[in-house]
Amino acid sequence: MPAHAISSIQITVEAVDAPIGQLKNAQFQVDLKGAQAALILNADLKPTNEKEFDHFDLKCGQFLTEKIGQAQCLNGRFLSKQINAPFSVDFVSYPSDFSLSIAFNGANFSDASGLHAGENLTGQIKMAAKKSNLSQTWLWNGLISWNAGELFWQPFYFGKAGNTFEINGTFKQDVLNIQNASLLVNEVGEMSATATINTKTKVVEDVRVSAKDVDFTGLYAVFLKPMAQKTAFGNMDVSGKADWQFEIKNLAPTSFELNLRDANIEDKNGKFAFSHINAHIPWDYDEPKNLQLAYKSGHLLRLPLRETKLSAEINRFSLTAPQLNLPVLDGALNLYDVSAVRLADSWAWHLRMDLIPITLSEFSKALGWPVMKGQISGQVPLVTYAYKQLSMDGAMTFNAFNGTISMNNLKIDDPLGVVPRLHADLQMRNLDMGDLTRTFSFGAIEGKLDGDVKDMLLENWKPVHLDASIQTSEGKQLKKISQRAVENITALGGEGTAAALQRTFLRFFKEFNYDKIGLSCKLRQDVCEMGGVESTPTGYVIVKGKGIPSVNVNGYTQKVSLQDLLGRIKRITDSNSKMIVD
Amino acid sequence: MKKLITTFSLILITLFSSSWVNAAADLDVNTPAISAIKNSMQARHAQLNPHYNSGAVGLTADGLIAVRDATAVPLKDRGGINSLVAAENSDRNALYKEIAAGNGHPEWAGEIRSTFANRWVDKAQSGWYYQSAGTWVKK
């Protein structure tokens with residue numbers, strides 16, 4: 001009778017039900033043809049929490065079981081729709097403990113939603129567990145490390161390999177307790193964590209994470225940015241050192257702390273930047289905390305901010321400070337009775353504000369405007385911000401051009417959004433036309449000017465609605481207009497504006513006397529309906545002459561496109577700034 | 001007489017039907033608000049383009065965009081894809097509202113949205129996904 005060697009064993013199982021999931025159509029095959037046994041398992045698997053069965057193939061190129069309770073799988077590969085993982089496993093088990101060591105090389109995995117996924121991961125997982133018979137609790141420790149590849153674990157992305165997580169804890173009936181996790185995260189530093197996870201619901205119930213003296217750049221990129229995505233701080237370049245700690249109990253945040261040392265932040269959309277920040281930002285659900293923030297310099301909407309130290313009290317979802325002093329350029333914004341509260345995912349706040357005079361020359365330079373003389377000052381009894389609208393009760397006064405410009409009824413809708421809308425009324429009194437025309441290189445005019453702008457609406461800082469008029473102030477004053485200014489006003493009015501003088505006569509004198517200058521514009525979208533100091537049967541008077549030599553300038557075009565008008569002003573001021581006038 | 005009433009009714013219906021709105025609405029109307037929104041969308045397009053190409057993001061039937069397949073987003077961008085799509089949709093909603101307002105007819109926003117929904121699909125590159133009758137279609 002010839003001897004037959006067994007070359008393969010094949011087992012087929014129709015269905016297996018286990019607490020962690022279901023297995024069906026399982027085919028288990030041990031191939032004994034080679035020097036070492038190879039093992040192949042393919043089946044449909046449905047973990048308890050998933051809805052559908054997913055097919056997988058598990059293969060061990062070399063399957064070794066030299067001792068009882070020991071198994072080794074070398075040159076293994078796990079293949080399913082979402083996973084492709086070449087691996088090796090070393091498994092040792094005794095009646096009440098086991099140890100497992102998995103090495104993976106270029107592994108890819110993803111869950112169906114793509115919220116937990118890894119690509120080209122090379123590293124290892126080691127785990128050992130021991131069951132205490134007395135308390136029916138598993139004591140375990142583990143290590144996960146990877147030195148190549150990238151990992152996304154909603155909402156965190158670990159783009160740089162070289163991460164090692166060492167974890168130990170306990171497990172008893174659905175509750176996985178991580179007593180101590182030491183996380184070494186590349187580009188961040190060392191962090192520690194504790195957590196309680198319900199394995200049945202897969203919910204992380206309690207977490208405490210703490211990081212001391214870590215790199216703020218990495219901490220922000222990996223942990224803070226994903227959580228700040230929908231806030232103003234979600235798109236920044238940062239640097240510096242940080243401590244960070246937070247705690248969640250029963251799914252609700254209970255405490256938070258962020259300390260920054262010599263940190264810098266810069267909004268990538270250019271809305272703000274602060275440098276050399278030292279900050280202590282604590283928060284606790286149960287007790288009030290004191291926030292401290294200092295920076296050397298910065299800017300907010302291009303407005304330069306000088307060295308500042310702020311402190312405020314944070315009480316659960318509100319923030320209060322009796323006084324905050326914000327040095328701006330050579331002056332300051334003094335804020336009083338500051339009170340902010342978090343309402344339905346957004347902040348609402350109110351405060352009183354005093355403007356310690358800021359030199360207008362610095363202010364205009366900072367905003368890239370023509371350099372003006374004078375200063376801005378003001379007292380605002382109430383500024384409120386709620387539901388994305390900023391509004392101001394009271395007036396802000398600019399002392400400029402030897403007169404005053406005051407702004408009333410200011411409201412800004414969505415100031416940091418795509419389309420900020422500013423509503424305001426402006427009142428100008430006794431502006432020195434000499435200063436004004438020199439600043440904007442518009443040919444000299446001597447005299448005083450009053451103006452009113454009502455119902456002004458700026459969309460994205462551009463005017464779309466206003467009722468504006470400017471005219472010579474009442475009272476005695478020197479009223480002179482230069483030849484250049486007359487020519488410019490004539491050019492401003494476009495076709496149909498004419499100096500009621502012969503051109504030759506205009507050239508003859510350098511300066512003329514006038515009685516009144518005035519212009520008005522009713523702007524609706526881009527169309528400005530023009531007017532002057534008085535109407536004529538065919539148009540309006542812009543400059544009304546008086547004495548000898550005098551000049552009249554009349555406008556005839558009633559409706560002008562604002563874009564054309566601004567274009568003309570720009571051409572005039574640009575060309576004039578290049579030549580010496582008068 | 002009856003014929004006259006019918007004709008008159010037909011004229012009225014034609015006047016107030018959506019086709020009249022489309023014919024009358026100036027979709028290229030420009031206001032500072034519209035140009036600010038268009039600039040914001042233009043700046044974001046470079047970030048969205050690879051996701052349209054990969055099929056991760058598709059065009060919806062109501063003139064917005066949606067994440068179609070998150071697994072097609074590179075891991076480094078995956079955490080930010082939802083807020084990127086939300087920001088684009090916020091701009092698109094604002095655009096339809098502003099174009100209607102720019103035409104002096106805020107009530108046209110719905111019609112303008114559906115016109116744009118078709119426009120986006122027409123302008124889409126081949127290989128991009130769009131929603132039609134509730135399912136994703138590859139152009």
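Order of the sequence lines sets the chain letters (A, B, ...), proteins ahead of strands, with each chain counted from 1. Every value quoted in this text rests on a predicted model; they were computed, and no experiment measured them.
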Measure from NZ or CZ of B:Arg119 to the centre of the six-membered ring of B:Phe116 and say whether it is under 6.0 Å with the direction within 45° of the ring axis.
-> yes
Checking heavy atoms, do the side chain of B:Asp91, its backbone, both or neither come under 4.5 Å from chain A?
-> side chain
Proximity breakdown for A:Ser110 and chain B, heavy-atom pairs closer than 4.5 Å = side chain
Pair count under 4.5 Å, heavy atoms only, with chain A: among B:Ala36, B:Ser40, B:Ala86, highest is B:Ala36
Under 4.5 Å heavy-atom distance to chain B, tell me which part of A:Val464 shows up: side chain, backbone, both or neither.
-> side chain
Specify whether B:His45 and B:Tyr52 have parallel, tilted or perpendicular ring planes, treating 30° as the upper limit for parallel and 60° as the lower limit for perpendicular.
-> tilted
Tightest non-hydrogen contact, residues A:Glu150 and A:Leu121, listed as O-CD2, 3.7 Å
Part of A:Leu151 lying under 4.5 Å from any heavy atom of chain B = backbone
All heavy atoms of B:Val67 vs all of B:Ile81, minimum pair found to be CG2-CG1, 4.0 Å
Please find out if less than 6.0 Å separates the ring center of B:Tyr129 from that of B:Trp136.
-> no
With only heavy atoms counted, which part of A:Phe152 is less than 4.5 Å from chain B, the side chain, the backbone, both or neither?
-> both
Residue among A:Lys225, A:Gln525, A:Glu119 with most heavy-atom pairs under 4.5 Å to chain B = A:Glu119
Segment of A:Asp526 engaging chain B (4.5 angstrom heavy-atom cut-off) = neither
Closest approach of B:Asp122 and B:Lys139, non-hydrogen atoms and distance?
-> O-NZ, 2.9 Å
In terms of heavy-atom pairs under 4.5 Å, which option from B:Ala70, B:Ser83, B:Ala87 contacts chain A the most?
-> B:Ser83
Compare every heavy atom of B:Val85 with every heavy atom of B:Ile65, then report the nearest pair and how far apart it is.
-> O-CG1, 3.6 Å
